[in-house]
Amino acid sequence: LQGCRIEPHQSGGVPAAELQKLQAGAVDRPEAQKAYEKALELDPNFQVAHGTLAKVYDAQGKHEKGLDERLKGAPPETAIQMKRIFASSGINGYWRYRLEQTLERAKREYVSPADIALYYARLDEKDDAFAWLEKAMEERSILFNYLVADARFDNLRSDPRYAELLGRVGLQPLRPN
């Protein structure tokens with residue numbers, strides 16, 4: 001990454017273009033963690049940085065740290081409840097709970113199918129993940145645009161349905177470095 005400098009058009013003192021590039025799928029690179037930590041040093045309330053740093057920690061397998069970042073700014077009772085779920089059921093229990101909450105919310109209001117697909121992907125429930133990704137594609141969900149590089153979908157990449165789904169919208173899977 002280039003050196004960080006504070007300018008009005010930047011996010012938390014880290015160039016916005018760098019943060020976007022990292023958020024789009026480079027979360028497993030060491031510079032991602034450093035960039036978001038730097039952004040949070042400059043602006044501890046920068047919620048996008050907290051959320052994306054949580055993704056970085058998740059990609060590194062540091063799920064408890066990821067959860068802690070994800071809960072920054074959450075009401076205390078919510079944070080306590082989520083930490084209890086994590087303590088008793090691990091990261092999959094946490095994602096299962098979030099999925100169930102989201103499906104309940106979807107009965108009352110619009111929820112992007114891509115968000116639901118993401119929870120199923122995190123739980124490694126591929127059939128359900130692909131079913132919801134189909135709906136996201138039909139809706140032209142914005143998250144669908146990140147499917148190529150978003151590390152949260154890594155466990156789907158080896159499935160032939162992944163390349164087929166991308167191909168239908170003119171995208172190709174990333175080639176490993």
Side-chain angles (χ1 to χ4, degrees), residues 1-87 89-99 101-102 105 109-119 121-123 136 140-157 171 173-177:
L1 293 175
Q2 300 294 320
C4 295
R5 59 184 181 281
I6 300 173
E7 294 182 17
H9 66 283
Q10 295 175 334
S11 302
V14 177
E18 290 296 325
L19 292 179
Q20 284 178 327
K21 180 175 77 176
L22 292 169
Q23 190 172 16
V27 296
D28 57 340
R29 296 200 322 238
E31 62 263 27
Q33 182 176 339
K34 290 177 187 159
Y36 285 101
E37 287 171 346
K38 177 66 174 175
L40 289 168
E41 282 176 26
L42 298 167
D43 182 359
N45 297 315
F46 184 27
Q47 289 303 312
V48 171
H50 284 296
T52 307
L53 186 55
K55 294 175 196 174
V56 170
Y57 289 139
D58 285 343
Q60 296 171 348
K62 299 175 183 174
H63 300 296
E64 189 167 7
K65 285 184 86 166
L67 180 62
D68 288 342
E69 283 301 322
R70 205 169 265 107
L71 294 174
K72 297 275 167 91
E77 59 277 3
T78 300
I80 290 168
Q81 180 184 23
M82 297 299 107
K83 288 182 179 193
R84 281 187 184 144
I85 291 168
F86 180 83
S89 304
I91 195 63
N92 283 343
Y94 169 78
W95 292 127
R96 173 77 51 209
Y97 179 81
R98 293 294 310 274
L99 170 64
Q101 281 187 314
T102 302
R105 189 167 46 95
E109 62 190 60
Y110 174 78
V111 174
S112 169
D115 291 338
I116 296 170
L118 182 55
Y119 288 120
R122 287 183 179 269
L123 291 165
R140 296 186 170 110
S141 169
I142 188 68
L143 182 63
F144 193 83
N145 296 325
Y146 295 100
L147 182 61
V148 172
D150 192 326
R152 296 173 296 173
F153 292 105
D154 280 354
N155 64 326
L156 303 181
R157 297 190 203 295
L171 298 172
L174 293 176
R175 294 184 192 144
N177 292 336

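The shown structure was predicted, so the numbers you read here are calculated from the model rather than taken from an experiment.
- Across every non-hydrogen atom of Leu123 and Asn92, the tightest pair is CD2-O, 3.4 Å.
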Next item on the list: Please test Asp58 against Lys55 for salt bridge (charged side-chain N to carboxylate O under 4.0 Å, His left out), starting from the C-alpha separation and ending with a verdict.
Entry: CA-CA 5 Å; Asp58 285 343; Lys55 294 175 196 174; over 6 Å; no
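- Minimum interatomic distance between Ala54 and Gly66 (heavy atoms only, all atoms of both residues): CB-O, 3.2 Å.
- Taking every heavy atom of both residues into account, Ala49 and Ala39 meet most closely at CB-CB, 4.2 Å.
- Atoms NZ and NZ, on Lys34 and Lys38 in that order, are 13.0 Å from each other to the nearest 0.5 Å.
- Side-chain atoms of His50 do not come within 3.5 Å of backbone N or O of Tyr36 as any donor-acceptor pair.
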Can you give each donor-acceptor pair under 3.5 Å made by side-chain atoms of residues 78-86, sequence neighbours left out, with the distance rounded to 0.1 Å?
{"from": "Gln81", "atom 1": "NE2", "to": "Tyr97", "atom 2": "OH", "distance (Å)": "2.9"}
{"from": "Lys83", "atom 1": "NZ", "to": "Asp68", "atom 2": "OD1", "distance (Å)": "3.3"}

Notebook entry, point to check: Can Tyr119 and Arg96 be said to form a side-chain contact (heavy atoms from CB on, under 4.5 Å), step by step?
Noted result: CA-CA 8 Å; Tyr119 288 120; Arg96 173 77 51 209; over 6 Å; no
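- By the 6.0 Å contact criterion, CD on Glu37 is enclosed, its count of non-hydrogen atoms from other residues, nucleotides or ligands being greater than 12.
- Two residues are said to be in side-chain contact when any heavy atoms from C-beta on lie closer than 4.5 Å; Arg98 and Arg122 fail this criterion.
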Check: Does the pair Leu40 and Lys72 meet the rule for a side-chain contact (heavy atoms from CB on, under 4.5 Å), with working shown?
Finding: CA-CA 11 Å; Leu40 289 168; Lys72 297 275 167 91; over 6 Å; no
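- Arg70 CZ to Thr52 OG1: the interatomic distance, rounded to the nearest 0.5 Å, is 10.0 Å.
- When all heavy atoms of Gly73 and Gln47 are compared, the closest pair comes out as CA-NE2, 4.5 Å.
- For the atom pair Leu118 CG and Asp150 CG, the distance stands at 6.5 Å (nearest 0.5 Å).
- Separation of atoms CG (Asp115) and OH (Tyr110) is listed at 8.0 Å; rounding is to 0.5 Å.
- Residues forming a side-chain hydrogen bond (donor to acceptor under 3.5 Å, both in side chains) with Asn155 (at least two apart in sequence, or on another chain): Asp124.
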